[in-house]
Amino acid sequence: MFIRLETIRLIEIAKTGHYTSVFSAAETFAALYYDVMRLQRGNPAWPQRDRFLMGKGHAAVGLFPVLADLDFFPTSWLDQYTRLGSPLGDHPDMCKVPGIDFSSGSIGHALSNGLGMALAGRFHGNDFTTFVMLGDGEMQEGQVWEAALGAAHHKLNRLIAIVDRNGYQLDGAVEDVIDIEPLDEKWRAFGWEVHHVDGHNLSELTALLRRLRADDQRTRPACVIAKTVKGKGVHYMETEPGWHLGYLTPEDAKRAIAEIKGQEI
Amino acid sequence: MHQPLSKDSWQYRGLNELTPGLNYLSDGLATLVEAGYPVLAGSADLQYSNGLARFAKKYPERYTQFGISEQNMVSAAAGMATAGGMPFVATFASFLALLCCEQIRMDIAYCQLPVRLIGHHAGISLGFYGTSHHATEDLAIMRSIANLTVVAPADGPQLVAAIQASAEYPQPIYFRIGRGRDPQVYEDGVPFAFGKAIEHLSGEELTIIACGSMVHPALEAAKRLNAARWSVGMIDMATIKPLDREAVLRAAGRSRKLMTVEEHNVLGGLGGAVAEVLADEGCGVRLLRHGIKDEYSLIAPPSHLYAHYQLDANGIEAVALGELQRN
């Protein structure tokens, strides 16, 4: 609830933003940052921390409130979201925002970035886990599959990809733009262990990610396909895929906030 | 039973041995490892072409074979740099600078990560492999990327020196190197400083400014012209960015004319960089930019190409002489 409400508040400052991308990924952010990942509150550069990278960088607006809540940077920064000179923009920037483990914006690089982190972690004997969230539309980028091939070949068992399978991209339904199914068979064929989960069921999602993180016996990277709903939590966004990028009028924002507050999560 | 291939066979050499001059790359990295730096090297199915096979054999735990996935390699190197590594990744300059331009910009330069990119077989040194393998735009592309330092060592010893100097250098670096067959200009142990030109000869009529594989033939041409009683200077502009502006201005103050020599399009490379300094400072000196004249290079054995484009010592001498005799 906190992530969704803050997203609405921040986008109000910017007057445009990616609500629905955040809403599909909100439970994953919550599971990772409040339960699964090894982190130290107030210490964003702790070398032993687990890493999180976002291929779908435009959902950063939903991650910033979490990082501020973990004391990685002052909460007051949020009020300046996208203003002139603000460290916080539409995409995560590691040079400007403490707690962002890697910048993104160009689609398709993040799994390769995570692969490099996992390789360096292994070389240094540092057992952190690298989580890479990928958009399902992002699966259309060739570089994702270069990285998938390489990660399996190099047996990067501390690399975990999470596909936010919300079914939509900018131009419409993923299956209509360029279909990526059968997605699980593709990842398996590339040498990954694959799991399916309801990306909005916080307890299931958390349990699965905790189990994968703790599994020292796995010899391959793991991919979690999280079935999600783009715009989850606000019914008119859930049923209208055109909300990839948008802006809520104050009246619609009130309706959205009421709806989100009426839910359990 | 199959007869083993003869040592003289091209295939035998190609598959099992390294281009001797490119061993400098491995040897340079080894000196950093021995000095305690967390070097992590990577190559994209070209470890025999760039000589990293030697490093891989000596330090397998520090080497990653990426296969033919150059963009993945460049982005992964960025990830390595955030997790305590000092990555050096290598592939043909044409693929590194052009295919991976966006990964270099976003993952490395924008994020200011100290990744070392080795673009080897630069310029037209791949000869008959064809235009796809020629890198005549890489300097222009890399030079326009903020935060990125661009270096073109003239030979193996200067490459080793530049690699050693990079150990404590905070910015990302693009190294533009040849194919390991460049004649030596420098002795082993030569000093190197980023952003500092090396002034070999001083001249009043013309100063030649060259970089990378063009330093040796340009120096040879300048010496011949001086022997013929012309007064010709010669500068090795080993760092293209940041350019040694002072060296350019000193040459412009001393010589009537300047001439740049590069194995690159005359647009946007060394000649462009020198022209920018002259224009910025209002220097009225004439500049002749010698290189590939905004065209795609032909297919031929490398030595034939260098002769065709007047980028060997004879050609550079002829072009410089033409300029000297022109009012």
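So that the names make sense, note that chain A is the first sequence line, chain B the second, and so on, each numbered from 1. Heavy atoms only: backbone and side chains are in, while hydrogens, waters and symmetry mates are out.
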Chain A to chain B donor-acceptor contacts, backbone plus side chain, under 3.5 Å:
from, atom 1, to, atom 2, distance (Å)
A/D93, OD2, B/Y110, OH, 2.2
A/K96, NZ, B/Y110, OH, 3.3
A/S106, OG, B/E102, OE2, 2.3
A/H109, ND1, B/D107, OD1, 2.8
A/H109, ND1, B/D107, OD2, 3.1
A/H109, NE2, B/E102, OE1, 2.7
A/S112, OG, B/N72, OD1, 2.6
A/N113, ND2, B/S75, O, 2.9
A/N113, ND2, B/D107, OD2, 3.0
A/H124, NE2, B/G84, O, 3.1
A/Q143, OE1, B/Q103, NE2, 2.8
A/Q143, NE2, B/Q71, O, 3.2
A/Q143, NE2, B/S75, OG, 2.8
A/E146, OE1, B/N72, N, 3.0
A/H154, NE2, B/Q65, O, 2.9

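Ranked by heavy-atom pairs under 4.5 Å with chain B, the list A/G142, A/A118, A/A120 is led by A/A120. Listed options B/P87, B/C111, B/G42, B/A78 were ranked by heavy-atom pairs under 4.5 angstrom with chain A; first place goes to B/C111.
Distance CG/A/L115 to CZ/B/F66: 6.0 Å, rounded to 0.5 Å.
For A/D184, the side chain to side chain donor-acceptor pair (under 3.5 Å) test picks out A/H196, with sequence neighbours left out.
At a threshold of 4.5 Å between non-hydrogen side-chain atoms, the residues B/L113 and A/M94 count as touching.
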